[in-house]
Amino acid sequence: MPGKRKRLPDWLRKRVPGNKNIMETRKILNEFGLNSVCQSAKCPNIHDCFSNRTATFMIMGNICTRDCQFCAVQTGTPGALDDEEPLNIARAVEKLGLSHVVITSVTRDDLAAGGAEHFVSTIKEIRQLNSEVIIEILTPDFKNIKEAIEKVVRSGPDIFNHNVETIPRLYERVRPQAEYERSLAVLAYVKNLNPDIFSKSGIMVGLGEKEREVIQVMQDLRDIDCDIFTIGQYLQPSKGHLPVDQ
């Protein structure tokens, strides 16, 4: 029917796993007052991750200053940063027994350096409790402020991820407050600062992109020595977000 949301194809639908780890992971996040992008962005894979006692931590609150049309994270005016959050993240990482931790954040254009210092503090606290854990960060573009990027890179994450999210032609509709070239510049600067760091980026498909456009994004990322590239299927988190094209 016109206007009706498309059902997921059978191969993409699956049963929700049920085990005690799901409740335990939620309990640990609640215990330390932490946000996860799994919950805030309504990730369809949340039960798989929580059942394995893993989660992607989301720092600097759960309200974003940007309004990307694919994302379910709430948009608005964020509150003050929680100074205890970095230590609480480290404690949660220890309690979950993680060997690889992923830290992302909302975009904080209201902060002078986009919250770069908060990333630095979080990495520092995790390292103090477990020097062996692999730390992957998924950052906003920090408006390509060089000093902010330098602080984060020098704090020593193992993997620096910044997603370009989609092909350039769709930016105005999908993420109007972002710039494709700016995102490439962030990733290029990271690699320039530390050639040994693993740089990473990714896109969603299903928003109306063409195959040749995806391949061009791949080429653009290789041109700046991006090491890891991920492709995910876009799924509409609510009726108020962009529909799935394919």
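A quick note: this is a predicted structure, and the numbers were derived from the prediction, not measured.
In the hydrophobic clustering of ILVMFWY residues, with side-chain heavy atoms under 4.5 Å counting as a link, Phe229 and Val102 come out apart. Using a 4.5 Å cut-off between side-chain heavy atoms of Ile, Leu, Val, Met, Phe, Trp and Tyr, with links allowed through other members, Leu34 and Ile63 fall into different hydrophobic clusters. If you chain together hydrophobic residues whose side chains sit under 4.5 Å apart, Ile224 and Ile231 fall into the same group. Hydrophobic cluster membership differs between Ile145 and Tyr180, with clusters built from Ile, Leu, Val, Met, Phe, Trp and Tyr side chains linked at under 4.5 angstrom. A single hydrophobic cluster is not seen to contain both Ile215 and Val205; linkage of ILVMFWY side chains at heavy-atom distances under 4.5 Å, directly or through other members, places them apart.
In the model, Asp223 has a side-chain atom that pairs as donor or acceptor with a side-chain atom of Gln219 under 3.5 Å. Under the 3.5 Å distance criterion, with hydrogens and angles disregarded, no donor-acceptor pair is assigned to the side chains of Ser121 and His118. In the model, Tyr189 has a side-chain atom that pairs as donor or acceptor with a side-chain atom of Glu150 under 3.5 Å.
Distance OG1/Thr54 to CG/Leu96: 8.5 Å, rounded to 0.5 Å. Taking CD of Glu179 as the start and CD of Gln177 as the end, the distance is 11.0 Å to the nearest 0.5 Å. With rounding to the nearest 0.5 angstrom, the CG atom of Leu129 is 7.0 Å from the CG atom of Leu87. Atom CE of residue Met58 and atom CG of residue Leu29 lie 11.0 Å apart, to the nearest 0.5 angstrom. The distance from atom CD of Gln246 to atom CD of Gln233, rounded to the nearest 0.5 Å, is 8.0 Å. For the atom pair CG of Asp227 and OG of Ser201, the computed distance is 11.5 Å after rounding to the nearest 0.5 Å.
Within 6.0 Å of atom NZ in Lys146, more than 12 heavy atoms from other residues, nucleotides or ligands are found, so the atom counts as buried in its surroundings. Counted within 6.0 Å of CZ on Phe198, heavy atoms from surrounding residues, nucleotides or ligands total 12 or fewer; the atom is thus considered open. Other residues, nucleotides and ligands place more than 12 heavy atoms under 6.0 Å from the CG atom of Asn30. Remark: Lys143 NZ is loosely packed, at most 12 non-hydrogen atoms of other residues, nucleotides or ligands lying under 6.0 Å away.
For Tyr234 (side chain) and Leu242 (main-chain N/O), a donor-acceptor pair under 3.5 Å exists by modelled atom type. Within the 3.5 Å criterion, the main-chain N or O of Glu84 finds a donor-acceptor partner in the side chain of Asn88. At least one donor-acceptor pair under 3.5 Å links the side chain of Asn21 to the backbone N or O of Ser51. Checking side-chain atoms of Arg222 against main-chain N and O of Cys226 turns up a donor-acceptor pair under 3.5 Å. Between the side chain of Ser40 and the backbone N or O of Val73 there is no donor-acceptor pair closer than 3.5 Å. In this structure, the side chain of Arg169 engages the main chain of Gly208 through a donor-acceptor pair within 3.5 Å. Side-chain N or O atoms of Asn163 include one that pairs as donor or acceptor with a backbone N or O of Gly202 at under 3.5 Å. The backbone N or O of Ala113 sits nowhere less than 3.5 Å from a side-chain atom of Arg108 that would complete a donor-acceptor pair. Counting only distance, with no hydrogens or angles, the side chain of Ser155 and the backbone of Val120 share no donor-acceptor pair below 3.5 Å. At least one donor-acceptor pair under 3.5 Å links the side chain of Arg53 to the backbone N or O of Lys95.
Between Val186 and Phe142, the closest side-chain pair of non-hydrogen atoms is not below 4.5 Å. The shortest side-chain heavy-atom distance between Thr122 and Glu85 does not fall under the 4.5 Å cut-off. You'll find the side chain of Ile103 reaches within 4.5 Å of the side chain of Ile126, heavy atoms only. Here the side chains of Ile135 and Val133 are in contact, with some heavy-atom distance below 4.5 Å. In this structure the side chain of Ile159 never reaches within 4.5 angstrom of the side chain of Ile197, judged on heavy atoms. Counting heavy atoms from C-beta on, the side chains of Glu136 and Thr104 never come closer than 4.5 Å. Residues Cys68 and Val174 form no side-chain contact, since every pair of their non-hydrogen atoms from C-beta on lies 4.5 Å or further apart. With a 4.5 Å cut-off on side-chain heavy atoms, Ile137 and Pro157 count as touching.
Between Lys42 and Pro237, the shortest heavy-atom distance links the atoms CD-O, 4.0 Å. Heavy-atom minimum distance, Cys38 versus Thr56: SG-N, 3.4 Å. Nearest heavy atoms, Ser36 versus Gln39: OG-OE1, 2.8 Å. Closest non-hydrogen pair, Val106 versus Gly61, comes out as CG1-O, 3.7 Å. Arg175 and Ser183 get closest at one heavy-atom pair: NH1-OG, 3.7 Å.
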Next on the checklist: Go through it in stages, so that I can follow the logic: the residues are Ile89 and Glu125, the test is side chain to side chain contact (heavy atoms under 4.5 Å, CB included), and I'd like the CA-CA distance, side-chain angles, deciding distance and then a yes or no.
Outcome noted: CA-CA 8 Å; Ile89 292 278; Glu125 294 290 356; over 6 Å; no

Item to check | Derivation of the side chain to side chain contact (heavy atoms under 4.5 Å, CB included) call for Leu207 and Asp245 | outcome: CA-CA 5 Å; Leu207 287 162; Asp245 181 86; 5.6 Å; no

Item to check | Check against salt bridge (charged side-chain N to carboxylate O under 4.0 Å, His left out), Asp158 and Arg127 | outcome: CA-CA 11 Å; Asp158 298 285; Arg127 290 277 187 233; 3.0 Å; yes

Item to check | Leu221/Val217 under side chain to side chain contact (heavy atoms under 4.5 Å, CB included): CA gap, chis, key distance, verdict | outcome: CA-CA 6 Å; Leu221 290 167; Val217 170; 4.0 Å; yes

Next on the checklist: Between Arg182 and Asp141, does the salt bridge (charged side-chain N to carboxylate O under 4.0 Å, His left out) criterion hold? Intermediate values first, please.
Outcome noted: CA-CA 7 Å; Arg182 182 167 65 192; Asp141 60 27; 3.2 Å; yes

Checklist entry - When you look at Phe119 and Ile59, which way does the side chain to side chain contact (heavy atoms under 4.5 Å, CB included) test go after all the steps? => result CA-CA 8 Å; Phe119 268 100; Ile59 61 176; 4.0 Å; yes

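A cation-pi arrangement, defined by a distance under 6.0 Å to the six-membered ring centre and an angle within 45 degrees of its axis, is absent between Lys200 and Phe160.
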